[in-house]
**Student:** 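After the structure tokens below, expect a handful of questions from me.
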Amino acid sequence: MERIAICPGSFDPVTIGHLDIITRASKLFDQVIVLVSKNMMKQHKCFTPQERKELIACVIADLPNVSVDIFDGLLADYVREAGAIAIVKGLRAVSDFEYEFQMALANRKLYAGAETVFLTTTAENMYLSSSVVKQIAAFGGDISHFIPSEILDVITKRLVKEKLS
């Protein structure tokens, strides 16, 4: 039986921290689906779901067992439909764990087959989030250390455009 994992997130934009978690998950599971999903807590989006899917596809091109999809519904439903055995989430800090632990319990209640696997971030990515990247870019800072090089130009152009709007 193929071990499929879902790695969900808003990925607005995808960062090297996200890519690290995705890459590590690809070594643990036969197949990983990176799922661009809607987060009701996050209102302002810089990239459409389709744009985020395309950006992720670009940075996972060298990971043969990783694909990307978009879903706007309950994660537990997607996990069930995909035949996945796990949800992979990255943790940066204790504050992430509290929220993610609640989500893991809710997903497990909605679908008993929805095991959540937590991967801790590397020390150099503990502070990194899409929000931090957007904030640095808004003030004209260099985001090249935070975004995969394959998509840096696209991300930078969009975030500079957002700043000017």
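Only a predicted model underlies this, so the values are computations on that prediction, with no experimental measurement involved.
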**Student:** Name all residues meeting the ring-ring contact (aromatic ring centres under 6.0 Å, His included) criterion together with Tyr78; count only those two or more places apart in sequence or in a different chain, and write none if there are none.
**Tutor:** Phe71

**Student:** How close do Pro8 and Ser37 get, counting heavy atoms only, and between which atoms?
**Tutor:** CB-OG, 4.1 Å

**Student:** Can you pull the salt bridge (Lys or Arg N to Asp or Glu O under 4.0 Å) pairs that have at least one residue in residues 84-93, sequence neighbours excluded?
**Tutor:** Lys89-Glu100, Arg92-Asp96

**Student:** According to side-chain hydrogen bond (donor to acceptor under 3.5 Å, both in side chains), who are the partners of Asp153, at least two apart in sequence or on a separate chain?
**Tutor:** none

**Student:** Compare every heavy atom of Ala82 with every heavy atom of Ile33, then report the nearest pair and how far apart it is.
**Tutor:** CD1-CB, 4.2 Å

**Student:** Drop me the distance from Leu35's CG to Ile6's CD1, to the nearest 0.5 angstrom.
**Tutor:** 6.5 Å

**Student:** Residues two or more places apart in sequence or in another chain: which of them pass side-chain hydrogen bond (donor to acceptor under 3.5 Å, both in side chains) with Asn125?
**Tutor:** Thr122

**Student:** A side-chain contact here means heavy atoms from C-beta on lying under 4.5 Å apart; do Cys46 and Glu51 qualify?
**Tutor:** no

**Student:** Go through the structure and list residues passing side-chain hydrogen bond (donor to acceptor under 3.5 Å, both in side chains) with Gln50, not counting sequence neighbours.
**Tutor:** Glu54

**Student:** Holding to side-chain contact (heavy atoms from CB on, under 4.5 Å), I want the full list of residues that pass it with Gln135, two or more places apart in sequence or in another chain.
**Tutor:** Phe139

**Student:** Using the test side-chain hydrogen bond (donor to acceptor under 3.5 Å, both in side chains), find all partners of Asn65 that sit at least two apart in sequence or belong to another chain.
**Tutor:** none

**Student:** If a pair satisfies salt bridge (Lys or Arg N to Asp or Glu O under 4.0 Å) and one of its residues is in residues 122-131, list it, with sequence neighbours excluded.
**Tutor:** none

**Student:** Show every side chain to side chain donor-acceptor pair (under 3.5 Å) that has at least one partner inside residues 137-151, sequence neighbours left out.
**Tutor:** Asp142-Ser144

**Student:** Using side chain to side chain contact (heavy atoms under 4.5 Å, CB included) as the criterion, point out the one residue from Ile155, Val14, Thr156, Leu128 that pairs with Ile147.
**Tutor:** Ile155

**Student:** Can you give me every donor-acceptor pair (side chain of residues 24-32, partner residue at least two apart or in another chain, under 3.5 Å) with its distance?
**Tutor:**
unit_1	atom_1	unit_2	atom_2	d
Arg24	NH1	Asp20	OD2	2.9
Arg24	NH1	Thr120	O	2.9
Arg24	NH2	Thr120	O	3.0
Ser26	OG	Thr23	O	2.6
Asp30	OD2	Arg3	N	2.7

**Student:** Backbone N or O of Leu110 within a donor-acceptor pair of the Arg80 side chain at under 3.5 Å?
**Tutor:** yes

**Student:** Could you list the residues that satisfy ring-ring contact (aromatic ring centres under 6.0 Å, His included) with Phe101, not counting sequence neighbours?
**Tutor:** Phe97

**Student:** Tell me which pairs pass salt bridge (Lys or Arg N to Asp or Glu O under 4.0 Å) where either residue lies in residues 102-117, with sequence neighbours left out.
**Tutor:** Arg108-Glu115

**Student:** Could you state whether Met1 and Val79 fall into the same hydrophobic cluster, counting links through intermediate Ile, Leu, Val, Met, Phe, Trp or Tyr residues with side-chain heavy atoms under 4.5 angstrom apart?
**Tutor:** no

**Student:** Distance-only, no hydrogens or angles: does the Arg52 side chain make a donor-acceptor pair with backbone N or O of Phe11 under 3.5 Å?
**Tutor:** no

**Student:** Do any N or O atoms from the side chain of Asn107 and from the backbone of Ala114 form a donor-acceptor pair under 3.5 angstrom?
**Tutor:** no

